[in-house]
Each structure stands twice: as C-alpha cells, then as structure tokens.
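Following: one structure in structure tokens, then a few remarks.
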Amino acid sequence: MAESCKGELRRDLATNTARRLGGIIRIFLIHIRDPQFYALPAATRAKNGNVRVMGFPPIGIMSLSAVLKRAGHDCVMFDQANPETPNEVIVEEIRRQQPDLVGLSFLSTTSYPYAKLLARQIRAADSRVRLAFGGVFATLNAELVKLQCPEVNFVCRGDGEQLILDLLERLDDPDGVAGVTWEKDGRPVHNPNRELDRALDQWPFPDRESLPLDFVESMPLDVPAVLSMERFTTMQTSRGCPWPCVFCDIPIFNEGKWRSRSPQHVVDEFKHLQSLGYGAVYFVDDHFLLQPKRIEAICKGINDNGINIQWGCEGRVDSTAQHLFPAMAKAHCRTLMFGIESGSQKVLDRLKKDQTLEEVERAVNNAKQAGIEIVHGFFVVGNPDETVEDMRATFDFAAKLPLDTFGFNRLCVYRGTPLWKEYVQRGLVDDTMDWYKYFKCSEIDPTCLPGPVINAERSAGLRKLFRYKLTHYPVQTLRLLRRFMRHMPFRDVVYLIIKPFLGQKQGPTKNEKLSRAVEHGALKDAAAKLTTVPDASLEDAIAADHPSRAEVRAAQRGF
Ligand code: B12
Ligand code: SF4
C-alpha cells in the first residue's frame, strides 16, 4: 500500500473512532435497481452539476434518510442509477467510512439478484459491517431471504421509518424489534410484525436533496407518468389498498389497510417542492382516489397556495371521487392512471378485480371530460382462463375508450399474492424452490394461452388499436404525438406508430430499446432468467448478462 493511502486510511480510522466516541451512528442506504428501469439522457448533467437520471427517484431510502437525519444520525445514500457509484465504489466507501449499518433497499423480484450480489461483495470486503435488506419483496419473503443470504444480518419487514430507528438502538441484539427477521445462535428468528402506523404525518418529507442526482420523467419510460421535462420527483400521500386482486401483493404488504397523510401535510410538501424548483410530481400511492374529502382538500390547498407543479396519480375506476376530477384538473393533475386490466368481464372476475366494464367506461370518460390531459390504462394479457376472444375483446374495448396512453403487459405471478397461493395448491409452483423466481403466468399455468399466441394477439391487437385511435380520435392522438415529439426524435415517433404494421422483421430503434413503450421481450426474459440463477454462479451470470445491459447503456448514452 502506498504511503499516501496508508495516511488516508489512518485519518479515516481516526475520524471513525471520534464519530463513534461522539455517539453518532452512520448509516449507508443503497437503492438497488434493475438497470432496465432507468436511463441517462444525453445531457447527463443538470445546471446544478447533478447527474440527470430519467426514472423515478428512490423514495424508499429518501424517506428513511430524512427520518435518520432528524434523529441526529449520519446517513449517506447511494442510488445505483448513478453511474459514478457502481458496486466497487460503494464497497470502497464502506471500507473507508465504516458505517454502523448498511441498508439495501429494493422493490421487487427482479432486483433481488443484484441485491444478493452486492450484499455478498460488501460482506467479502468487510466481515463486520451490519447489513439489512428492506422493501416489498424482502418483506414478503423475509425468512427465505434470510436463509438464502446468510451474509445479511437483518431482513426488515414493512414500513421502515420507526423500524430503522428501533433497530439502531439494538444492533447487537434485535430481540423485540418488531418487523425484523434475523438469526440467533444459528437459527432464524422472525420477530412479530410491527403494528401498522397510521400517524404518517409524524415523518419528515423525504430527503431529496442529498443524492447528487436530478430526476426527469418523460418518454422514453414505460410509465409516461407526467410526461414533462421538468425537474421530477415522486410523493407518497397514502399507503396500501384494501381490494383483493389475485395478482397483487399490496394488500398483503399493508395488511389490507389504506392509510393516508392529512391534506395539510401533503400541501405543505407541495409548497416545499415548489420552493426547491420541482415542476412535476407523481404519486406512488396504490389508490389515491379513495377518500373524496381528502382529495378535495388537497386540490383546494394546491390552488390556494399558488402551486403550479404538474402531478399524476393512480386509482381505481370505481372511485367515489369522480365528481372531483374537474377540481383535480384545475389543481394541475395532468395524468390519471387506471388499472383496467381487461376488456372481458369474465377475466376481470377471474382476477377478482371487483370492477365492471361499465365502471371502466364511466371513469375514463369522466376523467377526459374533466380535462385531465393524459388518461392511462394499465392492461394485462396472458391471464388464467383467458381465450383469444377475451384478448380481442380487450383490444376492442381499449380502442373505444378515450384513453391517451395504454400499456399491455404479460401477467406475472409473485409470491405472497392469492394467485401464487392458488398455483402452489395446484402444484404449478413450489413454494420453497420457486419463491424468488420471476414467472409469466403463461409459462406455468396451462389455463393461460401459450406465450407465442399471446404475443401474436397482442401485436395484432395493437395494430388495430392504433388504426382505430387515428381514425376515431385523430385530434387526441395527434396532440399526444406532438407531445411525444417534444421529447423523442421524429423518426422514432413515426416508427412507434408504424411498428405494429411492420411485423417482426424490424428490430427496435435506439429509443425503443430504452423506452419500453413496446415491451422489451428480450430484456424481460433476461431479467427473468437472472432470478433463477443459483447463487454460486450469480456473479458470473450478471457479468455474462452485461452485453444486453451494455447495449441499453450505450443506447442511453447516445440518447
Ligand atoms: C413506483 C414503483 C415502481 C417504479 C420504480 C421506482 C423506483 N424508484 O425504482 C417502476 C415503474 C420503475 C417500477 C417497476 C417495477 N415494479 Co414496481 N412499484 C412501484 C410502487 C407503485 C411504489 C414503490 C414506492 O415508491 N413506494 C414508496 C416507498 C416509500 O416505499 P418502499 O420503497 O416500499 O420503502 C418503504 C419500506 O419498504 C421500507 N424499506 C424499503 N427499503 C428498506 C431498507 C431498509 C434497510 C429498511 C429498514 C426498510 C426499507 O421503508 C420504506 C418507508 O416505509 C410499488 C407498489 C408499492 N406500494 O410498493 C410497485 C411494486 C414494488 N412494483 C412491482 C413490480 C412487480 C415491478 C416490476 C417488476 C414491474 C414489471 N413487470 O416490469 C418492475 C421492477 C422494478 C425493479 N426491479 O426495480 C411490485 C413488486 C412485487 C414483487 N413481489 O416483486 C409492486 C409491489 C407492485 C404490485 N402491486 O405488485 N415500480
Ligand atoms: S386495486 Fe390495484 S393496488 Fe388494489 S389490490 Fe387491486 S391491483 Fe392492487
């Protein structure tokens, strides 16, 4: 080791010792991403010097960072979307700064392989640092994750705000810290669940300014949330959803409850964001449209305080707040997204969606008539018991609705959902062997149409849908295309429209590779495959996966 490095190391150790003696706890929080869910625009630097990322900010760790800092702790965040902090840099920073706890946060099945690998790399570099996992996937699979990742000390379940504060008090013996799965004397311990916290106003606004990143949300991304090039962030105004859809794990994560922040607290956050220069906000709420009085008060607060941030949200089509759509539009709600799922009542019932086609029509029409600029429909294809006729009915139905944008994804099954439980009973998945694998339903359920049929029907359906939209809703369609053209090269917009008519011969354009406006079959398949790789060969598999990811990154750089 060079003398200068030794000197630096000695200084770091001295600082760390002083910090510990001063009683300050240092936490690192890392947001693990699947590389297919963000992009780097060509001009990657914002005026303030931050790296610009096209994607959603990591609001989970930002929420925890704010809580930790308010409690007087020292917290450093890393987002894997930042090209300046790859795994090696994070590992090196852990070695240098010796945090007391490193929290790895990830959302879903497809980011789990990356989380496992990073945890292992950290453990190899530092045998003593405490490692914690958190997020929806870790919550729903805590015991199995703990068994599969012995290098991780704590798997944290559910809301993290109070949990992380409690954990820091008992890092050596988390017995009694509700919501933690850990290991004692070589045996896994699953502490009881934490009681659901309804007092959400007690927590500070997320710490959005400590990462050296600025986010924009626009095309090309799979969810065209607000479709703007303004400085973008997300907000969470409520948590959970009490409905029973068979494919969804939100009700399990939230014990079937819906909890919300007060309108005043939400409006105060809007004021704060406006003062920081944000221009677009997307609510990551599972069902924003649940409580009319709260929505009315939020909209009034936005208008009374001269807030002009554009925002978007998601909700159910059977919401009783539809008379407030005009008020929402007046309060700068630009995007409203509905989980429509299918144009076949039979399929909706099979999915236990608890909604009718009439309700879908009414909600979409109400939103458009109220002046909401972008009304989006989420659809799923490849459902259990779905026939070709059902799929065709879905595309016909989508065509007739005055939707601005739509997405047709293949249904997948996640552990923890009612559908997963059904599949276990039917012997289609093995709960102890398959829990971390990403499955399209059609791959395992013989009542689904075969994959190639689903894909062919989807392509044909999209062709018909575009044709219908252009001829029946020309003004709406052209207006939307004009908006796309502000953020995408003309050539790509044209290609996006004509692609369904070209057949399979043409490959995706550079932007399409990034955009996921058309689902990236190959990338999705690669991500799915990665979830099935045994741990021993994970590092090699991620390295071998690099060509496809590198292609995406190259396309990102050139965008
Ligand atoms: C926004 C969102 C996205 C964004 C991602 C945004 C981002 N920053 O990366 C986009 C659109 C890219 C996306 C993509 C996908 N998503 Co998504 N997404 C969501 C959504 C709606 C909100 C997430 C969120 O921001 N929550 C708000 C923050 C504050 O909560 P949080 O992150 O959970 O953090 C809290 C706790 O979990 C905990 N916590 C979190 N981390 C840690 C760490 C530690 C150490 C501790 C102590 C605590 C802790 O504390 C936090 C505060 O309480 C959720 C639904 C939901 N309600 O969770 C689905 C959800 C997570 N997504 C899901 C899925 C399936 C996907 C996709 C696979 C979809 C697809 N087929 O392409 C991809 C995969 C993405 C990936 N691998 O990264 C599923 C996950 C199911 C599963 N079991 O895997 C969910 C649950 C939706 C659902 N209904 O099923 N998604
Ligand atoms: S309505 Fe939406 S959030 Fe609620 S359970 Fe169904 S899919 Fe999940």
Side-chain angles (χ1 to χ4, degrees), residues 223-225 227 241-248 285-292 295 312-330 333-383 385-409 411 457-458 460-480:
V223 184
L227 213 49
C241 171
W243 267 266
C245 309
V246 294
F247 54 83
C248 183
D285 300 25
D286 303 304
H287 184 14
F288 177 72
L289 300 177
L290 194 95
Q291 211 179 66
I295 298 170
C313 61
E314 288 172 33
R316 283 182 54 93
V317 296
D318 58 359
S319 162
T320 54
Q322 297 188 35
H323 60 290
L324 294 170
F325 287 170
M328 285 167 57
K330 202 168 151 235
C333 171
R334 179 190 244 181
T335 306
L336 188 44
M337 303 209 177
F338 293 116
I340 296 175
E341 324 302 1
S342 177
S344 150
Q345 190 63 50
K346 183 195 93 188
V347 173
L348 287 178
D349 295 344
R350 173 71 175 91
L351 298 176
K352 292 215 167 33
K353 188 70 196 179
D354 213 359
Q355 74 188 23
T356 63
L357 296 177
E358 293 71 38
E359 284 170 332
V360 174
E361 274 182 72
R362 200 175 313 129
V364 174
N365 281 309
N366 283 343
K368 278 319 292 176
Q369 275 161 20
I372 306 275
E373 221 173 311
I374 302 171
V375 180
H376 180 87
F378 291 109
F379 293 85
V380 275
V381 291
N383 302 297
D385 298 324
E386 186 179 50
T387 60
V388 166
E389 288 68 40
D390 293 322
M391 270 191 79
R392 290 183 183 163
T394 295
F395 283 95
D396 289 346
F397 185 59
K400 284 181 193 122
L401 296 170
L403 288 169
D404 297 286
T405 53
F406 27 77
F408 295 86
N409 280 326
L411 190 72
E457 280 301 322
R458 180 167 59 179
L462 278 170
R463 281 198 291 277
K464 215 167 138 194
L465 181 53
F466 277 128
R467 226 180 285 126
Y468 192 93
K469 284 279 169 199
L470 277 171
T471 48
H472 288 74
Y473 297 101
V475 178
Q476 185 190 12
T477 310
L478 292 172
R479 206 179 287 147
L480 192 76

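All values below were derived from every heavy atom in this structure, side-chain atoms included, with hydrogens, water molecules and symmetry-related copies excluded. Residue indices begin at 1 and follow the sequence shown.
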>> To check you understand the geometry: which heavy-atom pair defines the closest contact between A370 and P326, and what is its length?
In response: CB-N, 3.5 Å

>> When you compare the side chain of P292 with that of H323, does any pair of heavy atoms fall below 4.5 Å?
In response: yes

> Could you give the distance from CD (E361) to CG (L401), rounded to the nearest 0.5 Å?
Replying inline: 6.0 Å

>> Quick check against the 3.5 Å criterion: does H287 have a side-chain atom that pairs as donor or acceptor with the backbone of R316?
In response: yes

>> Is there a side-chain contact between L290 and D285 in this structure, where contact means two heavy atoms from C-beta onward sitting under 4.5 Å apart?
In response: no

>> Checking the side chain of S342 only, and the main-chain atoms of V347 only, is there a donor and an acceptor separated by less than 3.5 Å?
In response: no

> So do W243 and Q355 actually touch side chain to side chain, heavy atoms under 4.5 Å?
Replying inline: no

> Taking the six-membered ring where the residue is Trp, are the ring centres of Y468 and F395 under 6.0 Å apart?
Replying inline: no

> What is the distance from atom CG of N366 to atom CG of L336, rounded to the nearest 0.5 Å?
Replying inline: 10.5 Å

> Which atom names give the shortest non-hydrogen contact between V375 and A367, and what distance separates them?
Replying inline: CG2-CB, 3.8 Å

> How long is the gap from CG on D286 to SG on C248, to the nearest 0.5 Å?
Replying inline: 7.0 Å

> With a cut-off of under 6.0 Å to the ring centre and 45° to the axis, is K469 in cation-pi contact with F466?
Replying inline: no

> How long is the span from the CE atom in M337 to the OG1 atom in T405, to the nearest 0.5 Å?
Replying inline: 6.0 Å

> Between R458 (side chain) and V381 (backbone), is there a donor-acceptor pair under 3.5 Å?
Replying inline: no

>> Please find the pair of heavy atoms, one from M328 and one from I372, that lie closest to each other, and give the distance.
In response: CB-CD1, 4.4 Å

> After noting the C-alpha distance and the side-chain angles of C241 and E314, does the key distance pass the side-chain contact (heavy atoms from CB on, under 4.5 Å) rule?
Replying inline: CA-CA 12 Å; C241 171; E314 288 172 33; over 6 Å; no

> Which value, rounded to the nearest 0.5 Å, describes the distance between S319 atom OG and E359 atom CD?
Replying inline: 10.5 Å

> How about F397 and V360: do any of their side-chain heavy atoms sit closer than 4.5 Å?
Replying inline: yes

> So, for F408 and A398, which heavy atoms are closest and what is the spacing to 0.1 Å?
Replying inline: CZ-CB, 3.9 Å

> Do any N or O atoms from the side chain of E386 and from the backbone of M391 form a donor-acceptor pair under 3.5 angstrom?
Replying inline: no

>> Show me the pairs that pass salt bridge (Lys or Arg N to Asp or Glu O under 4.0 Å) and involve residues 335-345, at least two apart or across chains.
In response: E341-K353

> Run the side-chain contact (heavy atoms from CB on, under 4.5 Å) check on D404 and K368 step by step: do they pass?
Replying inline: CA-CA 9 Å; D404 297 286; K368 278 319 292 176; 2.8 Å; yes

> Are more than 12 heavy atoms from other residues, nucleotides or ligands located less than 6.0 Å from atom NZ of K330?
Replying inline: no

> Run the side-chain contact (heavy atoms from CB on, under 4.5 Å) check on F325 and L289 step by step: do they pass?
Replying inline: CA-CA 10 Å; F325 287 170; L289 300 177; 4.1 Å; yes

>> Do K346 and D390 have side chains that approach each other closer than 4.5 Å (heavy atoms only, starting at C-beta)?
In response: yes

>> Just verifying a value: how many Å separate N365 CG and Q322 CD, rounded to the nearest 0.5 Å?
In response: 10.0 Å

> Which heavy-atom pair separates G343 from L357 by the least distance, and what is that distance?
Replying inline: O-CD1, 3.5 Å

> Could you go step by step and tell me if L465 and R463 meet the side-chain contact (heavy atoms from CB on, under 4.5 Å) rule?
Replying inline: CA-CA 5 Å; L465 181 53; R463 281 198 291 277; over 6 Å; no

>> Please give me the minimum heavy-atom distance between I295 and A321, naming the atom from each residue.
In response: CD1-CB, 3.6 Å

